[in-house]
**Q** 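This structure is in structure tokens; I'll ask about it shortly.
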Amino acid sequence: MIPSFLKEKETVSPAKPSSRRNFNFVDRTAKNMAAFLLTSMQQWNTSRRTGLLQGLDARVKVIFVLAYVILVSLTHKVEFQLILSGLFFILFLASKINPVRVYLKIAGLAFFFGFLVFLPAALNLFSPGEIIFLFAQFEHERKWLVYHIPKEIGITREGLNLVARISLKVFNSISLTFLLTSTTGFEQVVKALKMMKVPDIFLLTLTLSYQYIFIFSQTILETYQALKMRWWERGARAETNAILSGRMGYLFRKSWEKYDQVYHSMVARGYTGEISLYHQDALKMKDYLFLFIAAVFFAACLFFFL
Amino acid sequence: MRAIFELKNVGYQYTDTRKALSNINLSVPEGEILSIVGSNGSGKSTLLHLMCGLIYPMEGSIAYKGIEFQEKSFKKAAFNREFRSSIGFVFQNSDAQLFCPTVLDELIFGPLQLGYPKNLAIERADEVVRMLHLEAYTDRPSYMLSSGEKKRVAIGAVLTTNPEVLIFDEPMSGLDPKTRSFIIDLIFELSQVGKTIIVATHHLDLVDYLKSRVVVLSERHTIEKTGSSDEILSDTDLLINANLIAEYSHRHNGTVHKHLSLGFLSHRHGGKS
Ligand SMILES: Nc1ncnc2c1ncn2[C@@H]1O[C@H](COP(=O)(O)OP(=O)(O)O)[C@@H](O)[C@H]1O
Ligand SMILES: [Mg+2]
């Protein structure tokens, strides 16, 4: 029954790899993104600690987050954004969330989606002013197609200022989302939206996307580990490259199969696509109190800063 | 015999509140069959992942053939090649393990990756296909197979590179009795031809059949006892404490009667008992 090659010690000596490439950048980025999504979602699933925000009704939190996202986007004023950052920080502490860990994530996302994405806006091409980092110097100004290219290209003080302010806004918006996701289960958010008369079709899409992203991230991570177990050499060989060439498509397909099973098990347990509300809890005193304070603060911000 | 793995005071935790493993001291000699038993969540998979170099100890140290390894050891091409090619890991969830477009691709992936000529890879795949009765499935994608078929493909994918050490995580879970007995026989025969075998399981009948050395992980995530399979299987208190068996009461012929859920001592009642 056992083939003869398995009865001997391995004798074939492995060939040298044809090139020296490990997982390429895209693979590694996909893996890191997947790990990040998965931990965020797991955290979303297990927000069981008891603190200020955890004790409030999900509807109150959803309204709070939506209103304050608008507030954050209203103005660029730095003092104003800093006051809001302070408020969010206090809310994190009052909800007993480890500030170091959550702020590392927020800062990382704000750096990427705020700072890096908007950095080009700091160039003197877009924000004229005093250049503090010089990138290129030409002999003359030039015209290229419809563009006017100045003698010097660099980052200006005014531009950097602008990008810093945008990043701060992004930072605040992301903090708000984390305030919601780290204190409120996903199903609670969906129910709150339903009570707020958001149409079922939208909620259905939201729920299923959430499930699919979860499964897809899991598939990517699993595959990464399995590949690691059979990835002997930094060098990728031509034949195995060919086998793996369609792997993104394959991963989608495989996740889809799994997702199908999850969906079927939901249907088997009575899921019809309609979100049912067993009981509609009335808002409690503390919910009203929180809403009131948040509204007063909101109004004060509008009054003093606009 | 030299040790394949040597673990000293190994500890690991995934989150900063709960330990997944603590204070593990264990030596696995070449050619041995070792069973790691423990209830769900006792840390079996974590222990296997540590030995496979998929995660790295946070406390203590782990050595492979006398060479201590950590995450950075795998950056060295020679160690990485030697380690990955001599250790085969069959994941608990076959879905997690299979990533090639077809079953045949899955089987030849390892040998090709090692740089073997393509015809040798295919030759080996053919032999493995025959051994595992996978003839009908070679050009199908693995996600379309049943769980028993997937498990066989997963084992085959590991065997084609002929690793010295085979590590199985819960190889019996979710399989029908026929596939289970097929896999028990296969593990036993692989050990007969000299492979070092490590199996994590909570199926005591597998332990009984393999007559292996047994390590019991307790619900406190540490080694409770090590011994021969006979020694461990006769220690009822230990097995109850480690949540590997439980007492059931049921009735027949009107009398209530308690017995242990020792699946491998399959009990039949004829007439009165
Ligand atoms: N990826 C993970 N993240 C967080 N905790 C985990 C993870 N994997 C396992 N654990 C925890 O570690 C402990 C040991 O798990 P595991 O090694 O999978 O046990 P077993 O394989 O014996 O069922 C359990 O308490 C489990 O909840
Ligand atoms: Mg396990």
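Atoms considered below: every heavy atom in the structure, side chains included; atoms not considered: hydrogens, waters and symmetry mates. In the text below, chain A, chain B and the rest are named by the order of the sequence lines, each starting its count at 1. Small disclaimer: the values here were computed from a predicted structure and weren't measured.
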**Q** If contact means a heavy atom pair closer than 4.5 Å, which residues of residues 44-56 of chain B contact chain A?
**A** B/His49, B/Cys52, B/Gly53, B/Leu54, B/Tyr56

**Q** Between A/Phe115 and A/Val170, is there a side-chain heavy-atom distance shorter than 4.5 Å?
**A** no

**Q** Looking at the rings of A/Phe216 and A/Phe214, which for Trp means the six-membered one, are their centres under 6.0 Å apart?
**A** no

**Q** Measure distances from A/Thr219 to the heavy atoms of chain B and classify the residue's part below 4.5 Å as side chain, backbone, both or neither.
**A** neither

**Q** How are the rings of B/Phe79 and B/Phe69 set to each other: parallel, tilted or perpendicular (split at 30° and 60°)?
**A** tilted

**Q** Which answer fits B/Leu190, side chain, backbone, both or neither, if we ask what part of it has an atom under 4.5 Å from a heavy atom of chain A?
**A** both

**Q** Measure distances from B/Asn93 to the heavy atoms of chain A and classify the residue's part below 4.5 Å as side chain, backbone, both or neither.
**A** side chain

**Q** Do the side chains of B/Glu149 and B/Arg140 get close enough for a salt bridge, i.e. N-O under 4.0 angstrom?
**A** no

**Q** Between A/Tyr103 and A/Phe92, how do the two ring planes meet: parallel, tilted or perpendicular, split at 30° and 60°?
**A** perpendicular

**Q** Side chain to side chain donor-acceptor pair (under 3.5 Å) for B/Thr161 and B/Ser85? Distances and angles first, verdict last.
**A** CA-CA 7 Å; B/Thr161 51; B/Ser85 65; over 6 Å; no

**Q** Quick check for you: among B/Ser142, B/Pro163, B/Pro117, B/Ala157, which has the greatest number of heavy-atom pairs under 4.5 Å with chain A?
**A** B/Ala157

**Q** Taking side chain as everything from C-beta outward and backbone as N, CA, C, O, which of these in B/Phe89 sits under 4.5 Å from a heavy atom of chain A? Side chain, backbone, both or neither.
**A** both

**Q** Quick check on B/Glu106 against chain A: is it the side chain, the backbone, both or neither that has a heavy atom closer than 4.5 Å?
**A** both

**Q** In Å and rounded to the nearest 0.5 Å, what is the NZ to OG distance from B/Lys150 to B/Ser94?
**A** 7.5 Å

**Q** Count the heavy atoms belonging to other residues, nucleotides or ligands that lie under 6.0 Å from OH of B/Tyr14, then report whether that count exceeds 12.
**A** yes

**Q** Given a strict heavy-atom distance threshold of 4.5 Å, which part of B/Ala121 is in contact with chain A: side chain, backbone, both, or neither?
**A** neither

**Q** Over 60° means perpendicular and under 30° means parallel, so classify the ring planes of B/Phe83 and B/Tyr64, tilted if in between.
**A** perpendicular

**Q** Would you mind checking which part of B/Glu164 comes under 4.5 Å of any heavy atom in chain A, side chain (CB onward), backbone (N, CA, C, O), both or neither?
**A** side chain

**Q** Between A/Lys9 and B/Glu30, does at least one N-O distance fall below 4.0 Å, as a salt bridge requires?
**A** yes

